[in-house]
Student: 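One structure coming up, written as structure tokens, with questions to follow.
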There are 2 protein chains.
Amino acid sequence: MARTSLPYSVAQRLPRYLMQVQNLRQVGLKWISSQDLADTLGLTSSTVRQDFSHFDFSGIAKRGYLLKGLEAMLAEVLGADANINMVIIGAGNLGRALALHGQFPARGFKIVGLFDKDPRIVGRKVGRLEVQAMKALPGVIRKSQVAIGVITVPAASAQEVADQLIAAGIRGLLNLAYVHLVVPRHVAVVDARIISSLQELSYAIKAKSRPAARRS
Amino acid sequence: MARTSLPYSVAQRLPRYLMQVQNLRQVGLKWISSQDLADTLGLTSSTVRQDFSHFDFSGIAKRGYLLKGLEAMLAEVLGADANINMVIIGAGNLGRALALHGQFPARGFKIVGLFDKDPRIVGRKVGRLEVQAMKALPGVIRKSQVAIGVITVPAASAQEVADQLIAAGIRGLLNLAYVHLVVPRHVAVVDARIISSLQELSYAIKAKSRPAARRS
DNA sequence: TAGATTGTTAATCGATTAACAATC
DNA sequence: TAGATTGTTAATCGATTAACAATC
């Protein structure tokens, strides 16, 4: 099967498949069965096979899936095979850490600009990048064909920054701020709030420690 | 209704509800209807009411839900009302940025230790914390009743670090490393991989730009 | 009061799992 | 060959939505 847009539940699993496949390859493996892949990710083999059936990619009975082909397929579907340019808005601790993070280029993501509205920070060097003023943002986005804006400003200014990015033609936002962003339909948003993840974890811990509750 | 463990789908929405509720309160609002809350988060009012029906907390016809009570309820369910101690393992850019991040205490999360296995980094100051050697980890976890370990080491050592944390009695892991962690059933894991979020975003962008495909 | 909004039941929808013939 | 594993159909399960009486 092919190219119709995937169920959201499937799309959400793709990054995990890709990660696992890349790590398995690095360990030297060539093939993986749906069962083994499912086990390592906490899924069922049925789910894995159903998921892969959405693509022009086949396994081979008795051997499973060729990891190399699987990686290529997943990377292509996720758009992680081409280079994607990003800007980071907010040169605080988090923004600077991401700007310095060495793993992005290897995965196809390139940071082409780091911005902050605080004039005391503008001009500082962060690795190879220099913190730029917000007014330089539209120019950089257009010139470098920037697809993604990473928002690491405080919650109070995140919506304003999002609006500026959108006005400048950005296509997707990675939001690290503790607010819900309102955006037009053509812009994609993925939230990556550490605080929310910690809350989720805190709940999961409580749930696990609760006296199993099942049949009582 | 009350205390049975929530469907996972519901639990996952709680942090978003809490965030939105806190932000609405900060803006000075006192009440919110299921419809308005749903609109701001991209849900339906039915979903919101269904979700809240799992708790000992009621709205009032014609007014909606009292934000103050809603916040208290969500914080309690998420375990975000008590202080939770955390350690960060990995004092690279990301680990240091999190250690310096000022928002955790206000949300009930306290960082009580920052660790790294590189002896050249051990001893350095990061804000009020000093980077400690891994051998000090078990002591700190036990003495400070640390519930959560935040893993910001490279993928290659993440599993090893997870194992050490688990051996020391940690109850939950926030995993920022690009690997899938294998843990015993009593330990909770929440993944927060920036790379995976970027891949998800990259897919979402592609999906949006694709010629609407609906009826063709 | 009239109308808005809740809480809840029932209907729909979609996602996961089971099962198995086809195949390497 | 025999047996493992795929791809796919059908069955199950769970989550979301619709609908509406109760209520403020």
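Proteins get letters first, then strands, A, B, ... in listed order; numbering begins at 1 in each.
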Student: Check whether any side-chain heavy atom of F115(A) sits under 4.5 Å from a side-chain heavy atom of I88(A), and report yes or no.
Tutor: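 Contact flag for F115(A)/I88(A) side chains = no.
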Student: Using whole Å, what does the distance between atom C1' of nucleotide dC24(D) and atom CD1 of I60(B) come to?
Tutor: 8 Å
Student: Could you pull out the closest heavy-atom pair between V10(A) and H54(A), with the gap in Å?
Tutor: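 So the minimum-distance heavy-atom pair works out to CG2-CE1, 3.9 Å.
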Student: Compare side-chain N and O positions of S9(A) against OP1 and OP2 of dT16(C) and report whether any pair is under 4.0 Å apart.
Tutor: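 S9(A) to dT16(C) OP1/OP2: side-chain N or O found under 4.0 Å.
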Student: Taking the side chain from R107(B) and the backbone from S196(A), do they hold a donor-acceptor pair closer than 3.5 Å?
Tutor: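 Answer holds: no.
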Student: Quick one: look up who dT23(D) pairs with, Watson-Crick or G-U, both distances under 3.5 Å, and put none if it's unpaired.
Tutor: dA4(C)
Student: For the pair made of CG in D51(B) and P in dT8(C), what is the distance, rounded to whole Å?
Tutor: 14 Å
Student: By nearest atom, which of the nucleotides dT5(D), dT8(D), dG3(D) is closest to the Q50(A) side chain?
Tutor: dT8(D)
Student: Below the 4.0 Å mark, does dA15(C) have OP1 or OP2 next to a side-chain nitrogen or oxygen of Y8(B)?
Tutor: no
Student: Please report, rounded to the nearest Å, how far the C1' atom of dG7(D) is from the CG atom of D56(A).
Tutor: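 Those two atoms, CG and C1', are 14 Å apart.
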Student: Round to the nearest Å and state the distance from L6(B) atom CG to dG14(D) atom P.
Tutor: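 After rounding, the reported distance stands at 15 Å.
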Student: Write down the distance between CD (Q12(B)) and P (dG14(D)), rounded to a whole number of angstrom.
Tutor: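 To the nearest whole Å, that distance equals 16 Å.
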Student: Is there a Watson-Crick or G-U wobble partner for dC13(C) with both distances under 3.5 Å, and if so, which one is it?
Tutor: dG14(D)
Student: Using a heavy-atom cut-off of under 4.0 Å over every strand shown, decide if F52(A) touches base, sugar-phosphate, or nothing.
Tutor: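 No contact at all - F52(A) keeps every heavy atom at 4.0 Å or more from the nucleic acid.
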Student: Using 30° and 60° as the class limits, which term best fits the ring planes of Y17(B) and F52(B): parallel, tilted or perpendicular?
Tutor: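 Judged by the thresholds at 30° and 60°, the geometry between Y17(B) and F52(B) is perpendicular.
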Student: Measure the distance from CG on L66(B) to P on dT6(C) and round it to the nearest whole Å.
Tutor: 13 Å
Student: Let me know the distance between CD1 of I32(A) and P of dA4(D), rounded to the nearest Å.
Tutor: 17 Å
Student: Between CD of Q35(A) and CG of L37(A), what distance do you get to the nearest 0.5 Å?
Tutor: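 Interatomic distance, Q35(A) CD to L37(A) CG, rounded to 0.5 Å: 10.0 Å.
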Student: Given that P7(A) and K62(A) both sit by DNA chain C, which one's nearest nucleotide is further toward the 5' end?
Tutor: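 Residue closer to the 5' terminus by nearest nucleotide: P7(A).
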Student: Just checking Q12(A): does its CD atom have more than 12 heavy atoms from other residues, nucleotides or ligands closer to it than 6.0 angstrom?
Tutor: yes
Student: Any residue in residues 34-49 of chain A with a heavy atom nearer than 4.0 angstrom to DNA chain D? Just list them by number, or reply none.
Tutor: S34(A), R49(A)
Student: Among the candidates dG7(C), dT17(D), dT16(C), find the nucleotide nearest to the side-chain atoms of Y65(B).
Tutor: dG7(C)
Student: Between atom CZ in R63(A) and atom P in dT5(D), what is the gap in whole Å?
Tutor: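 The distance from CZ of R63(A) to P of dT5(D) comes to 12 Å, rounded to the nearest Å.
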Student: So for atom NZ, which belongs to K206(B), do other residues, nucleotides or ligands contribute more than 12 heavy atoms lying within a distance under 6.0 Å?
Tutor: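 Yes - once you tally the heavy atoms of other residues, nucleotides and ligands closer than 6.0 Å, there are more than 12.
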